[in-house]
Amino acid sequence: MKNNEDEKDSCQDQKSMKYVICVPDGCADLPVPELDGRTPLEVANMPNLDSLAAKSILGRAEVIPSGMPPGSDVGNMSIFGYDPSQYHTGRAPIEVAALGIKLRPDQTAFRCNFVKVVDGVMIDYAGGNPSSDEAEKVIAQLNRELGNPDEGISFLPGVSFRNAMIAPMDFVDAVCVPPHDLTGDPVVLPSGRSGQKISDLMAASEEILAASNLEATGIWLWGQGTQPQLPSFSEVNGVNAGLVTAVDLVRGIGKLAEMKVCDIPGATGWYDTDYEGKRDMALRELEGGLDLFIIHVEATDEAGHAGNVEAKVESLENWDSRILKGLISGLEDLGPWRMLMLPDHATPLTLRTHTPDPVPYLLFDSEKDSDGGVFTEIGVSEMPLTQGYQLMKALLAN
Ligand SMILES: [Zn+2]
């Protein structure tokens with residue numbers, strides 16, 4: 001700050017602390033052969049991040065509590081400050097929350113994928129990626145033929161192959177395998193007390209799909225859960241928060257936590273997302289009165305799933321040049337600020353799927369220089385392990 005001392009004092013009396021959380025989804029990795037055994041975080045040219053890290057507290061966070069699935073729903077719930085082992089009920093209820101739907105206590109929500117199964121083998125968990133318009137027509141047909149208002153069964157259109165089903169509470173009692181875990185393998189039908197009822201619905205959908213224009217051969221029901229009881233973020237933490245993301249799961253957690261969920265047209269969930277738009281949205285909302293803002297970018301995770309080394313490194317460099325650079329100078333103008341940066345899980349390029357391994361985190365305070373370090377997997381490998389959901393308290397601590 002270049003103000004003279006008097007101005008600085010009066011400024012800081014008025015200016016409250018601002019908080020930013022940066023989530024490069026799935027950015028943590030394992031050594032990559034193409035990168036001579038280094039990780040994308042080690043290789044990416046990130047001068048702005050490096051200079052923050054040199055004054056930050058760094059550590060290792062367990063964002064996926066042991067025994068829980070390493071999904072973005074679980075990891076982001078941790079980052080938002082909620083212990084997933086206490087609050088996570090399933091993936092589907094978070095997705096329907098993103099659609100603005102609140103489940104009644106006697107209801108459970110399922111993810112309803114369109115899938116392609118041939119000779120009992122899961123060929124495509126995305127059912128040929130139908131357009132949302134095409135998918136919606138089939139969802140309407142499913143409602144006419146399999147929906148049952150008396151029994152409380154209904155189907156909800158989502159995006160492309162990602163749709164939902166609402167069912168009575170007792171349907172929750174089943175073990176359903178995610179279809180993307182079955183790719184290329186014989187299907188494993190739902191088991192447990194309600195497994196048969198769910199299998200029956202899946203079997204009955206085959207005739208409807210056969211008569212449709214979709215490549216999919218049926219529906220696959222999974223990820224079920226009841227309404228998560230997240231207490232309001234502002235009530236728990238005493239600060240108002242908002243977020244920007246292209247991902248429904250992350251948006252859903254924001255809605256459940258009663259945060260301000262901001263949208264920008266250029267948020268694609270892909271490599272070409274509008275980095276500057278997300279940065280500017282954060283600065284605008286913080287200047288406009290929010291205390292805390294979460295910026296979530298999916299690109300690093302997608303690159304991990306695709307095994308695309310170059311895209312993963314470039315997505316990190318985009319974080320640095322297109323978000324952090326302008327964000328840091330913008331925050332300096334707003335007054336004192338803190339930043340928490342960490343991914344919601346690792347998506348190693350060599351494995352092309354999520355892992356529950358601990359991830360690096362960085363906590364920066366513009367008013368307090370810390371010992372600093374390097375924001376990489378190896379840079380924090382000797383650090384003690386912190387529960388991911390406790391980092392919110394550390395970020396907001398007086
Ligand atoms: Zn994720």
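Indexing begins at 1, ligand by ligand and atom by atom, following the structure's order.
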Checklist line | SB check D173 R193 (cutoff 4.0 Å) | finding: yes

Margin query: Salt bridge check, K197 against D170: does any charged N sit closer than 4.0 Å to a carboxylate O?
Written below: yes

Margin query: Just checking: N76, one of its N/O/S atoms, less than 2.8 Å away from the Zn ion (ligand 1), yes or no?
Written below: no

Item checked: D25 atom (N/O/S) at minimal separation from the Zn ion (ligand 1) -> OD1

Notebook entry, point to check: Short check: any N/O/S atom of H354 below 2.8 Å from the Zn ion (ligand 1)?
Noted result: no

Checklist line | Cationic N near anionic O, under 4.0 Å, D371 to K55 | finding: no

Checklist line | Sidechain N-carboxylate O distance under 4.0 Å for R111, E95 | finding: yes

Notebook entry, point to check: Is the distance from the Zn ion (ligand 1) to some N, O or S atom of D344 under 2.8 Å?
Noted result: yes

